[in-house]
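Shown next, in C-alpha cells, is the structure this report addresses.
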Amino acid sequence: MPSRKKDEAARWFQQALYDLKAVQWNVDGGFYDTACFLAQQAAERALKSFLYYTGARRAALLTHSLVAMVRDGKKSLAAMRELLPEARELDLHYIPSRYPNGLPSGYPHQFYEKPVADRAYVAAKRIVSLVCRHYQDQGERSILEPEEEP
C-alpha cells in the first residue's frame, strides 16, 4: 500500500480516538451538545481514515455525511452496512448540536440531554471499533498506534 494513504489513514484514525475520549469527558461534564458533535466527528474521522486507507475517490472524502461514507465504505468492507443506523443517528447531530439556528428556538445546550449524548457515544464507539478491527485484521499496527510525540 502506498505510504501516503497509510499515513493519512493513521492521522485521521488517531484523531478519531482522541475525539472519542473527548466525547466521554464532555458527557461526564454535562456538555451533551458538545459530546454529540464530537461523537459525530469521531465517527467521521474513523470513516475517513478507512476511506483513505481503501483509496476512496475524492468526493467520498469531502463529505460530512456518515451515511454516505458508510455506503461508500461497504464497497470495500461488507460489515460497514451494519453501521447505517449509527451513521444516521450521528448525522442528526452535525448541525443542531453546534448552531442555535439549527434549532427552532433556544440554543443547543438547552436541547441536548444525557441519554442522547450516551446514544451518540455508543454509536461513535461502534463505528470507531469496526474500523479498528479492520486495521487489526490487516495487521496495520502503524495506523493503530500513535506516533511518538516530539
Side-chain angles (χ1 to χ4, degrees), residues 4-137 140 143-144 146-147 149:
R4 170 106 170 94
K5 288 181 184 179
K6 191 184 280 192
D7 290 347
E8 204 57 20
R11 287 168 19 109
W12 284 85
F13 189 73
Q14 287 303 312
Q15 187 59 48
L17 294 176
Y18 283 102
D19 289 343
L20 201 56
K21 289 179 185 179
V23 172
Q24 189 61 61
W25 188 79
N26 277 278
V27 169
D28 293 345
F31 298 97
Y32 307 127
D33 52 326
T34 304
C36 288
F37 176 64
L38 287 171
Q40 186 279 337
Q41 289 290 282
E44 180 177 338
R45 289 173 177 149
L47 290 169
K48 284 191 179 185
S49 169
F50 177 80
L51 293 172
Y52 272 109
Y53 182 79
T54 58
R57 64 197 191 337
R58 189 171 193 274
L61 294 164
L62 293 178
T63 186
H64 297 288
S65 169
L66 303 184
V67 169
M69 285 186 258
V70 165
R71 286 183 177 148
D72 206 321
K74 71 182 182 180
K75 296 173 190 172
S76 301
L77 182 64
M80 281 276 172
R81 75 175 35 99
E82 299 168 14
L83 299 176
L84 276 172
E86 288 81 1
R88 285 186 185 106
E89 166 87 20
L90 293 170
D91 271 353
L92 293 173
H93 302 303
Y94 184 66
I95 299 292
S97 65
R98 298 183 294 157
Y99 301 113
N101 64 350
L103 298 163
S105 66
Y107 52 94
H109 189 76
Q110 291 177 312
F111 279 79
Y112 281 84
E113 296 178 338
K114 188 174 188 322
V116 174
D118 287 339
R119 283 193 308 273
Y121 175 71
V122 169
K125 190 171 182 178
R126 185 151 187 252
I127 290 171
V128 172
S129 294
L130 186 134
V131 174
C132 181
R133 279 193 309 277
H134 177 72
Y135 290 146
Q136 289 170 339
D137 293 345
E140 295 291 1
I143 294 175
L144 297 170
E147 288 183 12
E149 296 190 25

Quiz item: For the side chain of Q24 and the backbone of K21, is there at least one donor-acceptor N/O pair under 3.5 Å apart?
Solution: no
Quiz prompt | Close side-chain approach of R11 and Y52, heavy atoms under 4.5 Å | solution = no
Quiz item: Is there a side-chain contact between F13 and L144 (heavy atoms, below 4.5 Å)?
Solution: yes
Practice problem: Would you mind telling me which of D72, I127, T63 makes a side chain to side chain contact (heavy atoms under 4.5 Å, CB included) with L47? | Solution: I127
Exercise. State whether the side chain of D91 and the backbone N or O of L66 hold a donor-acceptor pair below 3.5 Å, judged by distance alone.
Key: yes
Self-check item: CZ/F31: more than 12 non-hydrogen atoms of other groups inside 6.0 Å
Solution: no
Quiz item: Rounded to the nearest 0.5 Å, what separation is found between the CZ atom of R88 and the OG atom of S65?
Solution: 10.0 Å
Quiz item: If we only count heavy atoms from C-beta on, is the L77 to L130 side-chain gap below 4.5 Å?
Solution: yes
Quiz prompt | Least distance between heavy atoms, A39 atom then A124 atom | solution = O-CB, 3.4 Å
Quiz item: Looking at OG of S76 and CG of L51, how far apart are the two atoms once the value is rounded to the nearest 0.5 Å?
Solution: 7.5 Å
Self-check item: Identified side chain to side chain contact (heavy atoms under 4.5 Å, CB included) counterpart of D19 within the set R45, Q14, Q40
Solution: R45
Quiz item: Just how far is it from atom CG of D33 to atom OH of Y107, taken to the nearest 0.5 Å?
Solution: 9.5 Å
Exercise. Answer yes when K5 and E8 have at least one side-chain N-carboxylate O distance shorter than 4.0 Å, and no when they do not.
Key: no
Self-check item: Nearest-0.5 Å distance, OH of residue Y121 to CG of residue L38
Solution: 12.5 Å
Self-check item: Euclidean distance, Y99 OH relative to F37 CZ, rounded to 0.5 Å
Solution: 7.0 Å
Quiz prompt | Distance-minimising heavy-atom pair for A42 and A16 | solution = O-CB, 3.4 Å
Quiz item: Looking at side-chain heavy atoms only, is the closest gap between P115 and R119 below 4.5 Å?
Solution: yes
Exercise. Would you mind telling me which of E44, H64, K74 makes a side chain to side chain contact (heavy atoms under 4.5 Å, CB included) with M69?
Key: E44
Self-check item: Minimal non-hydrogen separation, A9 against Y53, with atom names
Solution: CB-CB, 3.9 Å
Quiz prompt | side-chain contact (heavy atoms from CB on, under 4.5 Å) assessment of V23 paired with Q41 | solution = CA-CA 10 Å; V23 172; Q41 289 290 282; over 6 Å; no
Quiz item: Quick one: CZ on R57 to CG on L62, what's the gap to the nearest 0.5 Å?
Solution: 10.0 Å
Quiz prompt | M80 vs V131 side-chain heavy atoms within contact, under 4.5 Å | solution = yes
Practice problem: Mark yes or no for whether Y135, through its side chain, and F50, through its backbone, hold a donor-acceptor pair below 3.5 Å. | Solution: yes
Self-check item: Heavy-atom closest pair, residues P100 and G106
Solution: CB-O, 3.8 Å
Self-check item: For S97 against C36, the heavy-atom pair lying closest together
Solution: CB-CB, 4.3 Å
Practice problem: Examine distances only and state if a side-chain atom of R98 and a backbone atom of Y94 form a donor-acceptor pair shorter than 3.5 Å. | Solution: yes
Quiz item: More than 12 heavy atoms of other residues, nucleotides or ligands under 6.0 Å from CD of Q136: is that the case?
Solution: yes
Quiz prompt | Close side-chain approach of S105 and F111, heavy atoms under 4.5 Å | solution = yes
Quiz item: Which heavy atom of A87 sits nearest a heavy atom of V67, and at what distance?
Solution: CB-N, 3.7 Å
